[in-house]
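For reference, the structure discussed in these notes is given below.
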Amino acid sequence: MAPVRYLALGDSYTIGTGASSESANFPSRLARRLEAALGGRVEVQNPAVNGYTTRDLIERELPQVQIAPDLCTILIGANDIVQGVSREAYQRNLGAIYDFVWQLRLEPGKVVGLSIPDFSAVPAATPFGTPDALRQRIGAFNAAARAEAGRRGFAFVDLTEITSARPERPGWLADDGLHPSHAQYAAWADFLWPRLEPVWVGAPPS
């Protein structure tokens with residue numbers, strides 16, 4: 001069985017800033033779930049970098065994609081928000097990213113857009129605006145991302161509920177007060193896997 005190629009595009013949330021190790025980020029965790037389900041190897045290409053915006057992803061990550069993957073996740077936009085990029089520019093850039101991936105012709109359900117996590121209430125977000133203002137801006141960007149995913153037939157998974165409700169939970173955030181902890185990335189993988197599993201191994205028994 002040929003290895004499954006998994007391309008994880010994004011920023012700090014994808015590379016796993018705040019986790020105990022790179023193997024604890026959500027793409028690595030999903031890869032291990034997929035390996036166990038398929039009984040084969042999953043090769044992860046994760047060119048994500050802390051601090052990247054949509055423009056950085058276009059200019060620095062997409063040129064690294066030389067072979068079409070079998071699975072692709074895309075999570076980008078938090079740094080556009082904190083750097084003051086307009087919603088219109090974000091949507092335009094994200095559309096270009098989605099177009100690049102669409103041209104790779106992955107099978108239905110195997111491109112997954114992920115919402116920007118709701119970081120509005122975490123302690124280190126204070127310099128970027130009030131929680132209400134940030135929450136509104138994150139919501140507007142995510143609505144644009146959902147629309148762009150829908151136009152191309154991509155799946156879209158909203159992480160808002162799992163990322164917004166528990167900033168005060170012990171061990172939920174990394175020591176920087178901004179990024180997810182090891183435990184939170186594990187929760188993301190637990191949340192994402194049931195949405196990927198039916199595409200790869202069929203619907204689980206009821």
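When a residue number appears, it is its place in the shown sequence, counting from 1. Worth knowing before you read on, the calculation uses all heavy atoms, side chains too, and leaves out hydrogens, waters and symmetry mates.
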_Quick check: do Val49 and Arg60 have side-chain heavy atoms less than 4.5 Å from each other?_
no
*Check against side chain to side chain contact (heavy atoms under 4.5 Å, CB included), Cys72 and Leu104*: CA-CA 10 Å; Cys72 179; Leu104 299 175; over 6 Å; no
_Side-chain touch Val111/Ile74, heavy atoms, less than 4.5 angstrom_ = yes
*Can you check side chain to side chain contact (heavy atoms under 4.5 Å, CB included) on Ile116 and Leu159, steps first, answer last?*
CA-CA 7 Å; Ile116 301 166; Leu159 297 173; over 6 Å; no
*Would you find a donor on one side and an acceptor on the other, under 3.5 Å apart, between the side chain of Gln184 and the backbone of Trp172?*
yes
*So, does Gln66 use its side chain to make a donor-acceptor pair with the main chain of Pro63 at under 3.5 Å?*
yes
*From Thr73 OG1 over to Leu192 CG, what is the distance, rounded to the nearest 0.5 angstrom?*
8.0 Å
*With side chains defined as the heavy atoms from C-beta onward, is the minimum distance between Val42 and Pro3 less than 4.5 Å?*
no
*Calculate, to the nearest 0.5 Å, the distance between atoms CD1 and OG belonging to Ile81 and Ser86 respectively.*
11.5 Å
*asked:* For Gly51 versus Gln83, what's the shortest heavy-atom pair and its separation?
replied: O-NE2, 3.9 Å
*Closest heavy-atom contact between Gly171 and Ala183?*
O-CB, 3.9 Å
*Can Arg137 and Asp80 be counted as an ion pair, charged N to O under 4.0 angstrom?*
no
*asked:* Using 0.5 Å steps for rounding, measure from the CG atom of Asp56 to the CG atom of Asp11.
replied: 9.5 Å
*asked:* What I want to find out is whether Arg41 reaches Glu43 closely enough, with some N-O distance under 4.0 Å, to be called a salt bridge.
replied: yes
*Would you name the heavy atoms of Asp176 and Ala124 that are closest together and state the gap between them?*
O-CB, 3.5 Å
*Say whether Ser120 and Asp118, considering side chains only, have a donor N or O and an acceptor N or O under 3.5 Å apart.*
yes
*Please round to the nearest 0.5 Å and tell me the distance separating atom CZ of Arg33 and atom CG of Leu38.*
13.5 Å
*Just do the side chain to side chain contact (heavy atoms under 4.5 Å, CB included) check on Val4 and Trp200 with the steps written out, would you?*
CA-CA 11 Å; Val4 171; Trp200 289 91; 3.8 Å; yes
*Please walk me through it: do Thr130 and Asp132 pass side-chain hydrogen bond (donor to acceptor under 3.5 Å, both in side chains)?*
CA-CA 5 Å; Thr130 66; Asp132 285 345; 5.8 Å; no
_Tell me the closest heavy-atom pair linking Gly129 and Leu134, and the distance in Å._
O-CD1, 3.7 Å
*With the side chain counted from C-beta on, respond yes when Leu75 and Phe26 share a heavy-atom pair under 4.5 Å apart, and no when they do not.*
yes
_Evaluation steps, ring-ring contact (aromatic ring centres under 6.0 Å, His included), between Trp188 and Tyr185_ = CA-CA 5 Å; Trp188 290 18; Tyr185 284 121; 5.3 Å; yes
_When you measure from the centre of the six-membered ring of Trp193, is the NZ or CZ of Arg195 closer than 6.0 Å and no more than 45° off the axis?_
no
*asked:* I'd like to know if Glu35 and Arg32 make a salt bridge, using a cut-off of under 4.0 Å between side-chain N and carboxylate O.
replied: no
*Look at atom CD of Glu88 and say whether more than 12 heavy atoms of other residues, nucleotides or ligands are closer to it than 6.0 Å.*
yes
_Please identify which of these residues, Asn46, Leu30, Thr14, meets the side chain to side chain contact (heavy atoms under 4.5 Å, CB included) condition with Asn25._
Asn46
_When you compare the side chain of Arg5 with that of Gln45, does any pair of heavy atoms fall below 4.5 Å?_
no
_Geometric class of the Phe154/Tyr98 ring pair [parallel <30°, tilted 30-60°, perpendicular >60°]_ = perpendicular
*asked:* Please give me the minimum heavy-atom distance between Ala174 and Gly18, naming the atom from each residue.
replied: CB-CA, 3.6 Å
*State the CG-OH distance between Asn50 and Tyr13, to the nearest 0.5 angstrom.*
10.0 Å
*Would you call the rings of Phe119 and Phe128 parallel, tilted or perpendicular, where under 30° means parallel and over 60° means perpendicular?*
perpendicular
*Going by heavy atoms in the side chains, are Val157 and Ser115 under 4.5 Å from each other?*
no
*Gly10 and Ile76: which non-hydrogen atoms are nearest, and at how many Å?*
C-CD1, 3.9 Å
*In Å, rounded to the nearest 0.5 Å, how long is the span from CZ of Arg55 to CD1 of Ile58?*
4.0 Å
*Indicate yes or no: at least one non-hydrogen side-chain atom of Pro27 is less than 4.5 angstrom from one of Tyr6.*
yes
*Taking Arg152 for its side chain and Trp102 for its backbone only, find out whether a donor-acceptor pair lies under 3.5 Å.*
no
_Whether Ser28 side chain and Ala24 backbone form a donor-acceptor pair below 3.5 Å_ = no
_For a side chain to side chain contact (heavy atoms under 4.5 Å, CB included) check, start with the C-alpha distance between Thr54 and Ile97, then their side-chain angles and the critical distance, and finish with the verdict._
CA-CA 8 Å; Thr54 48; Ile97 294 165; 4.1 Å; yes
*Is any side-chain N of the basic residue among Lys110 and Asp70 closer than 4.0 Å to the acidic one's carboxylate O?*
no
*Quick one: does Glu61's side chain get under 4.5 Å of Tyr52's, heavy atoms only?*
yes
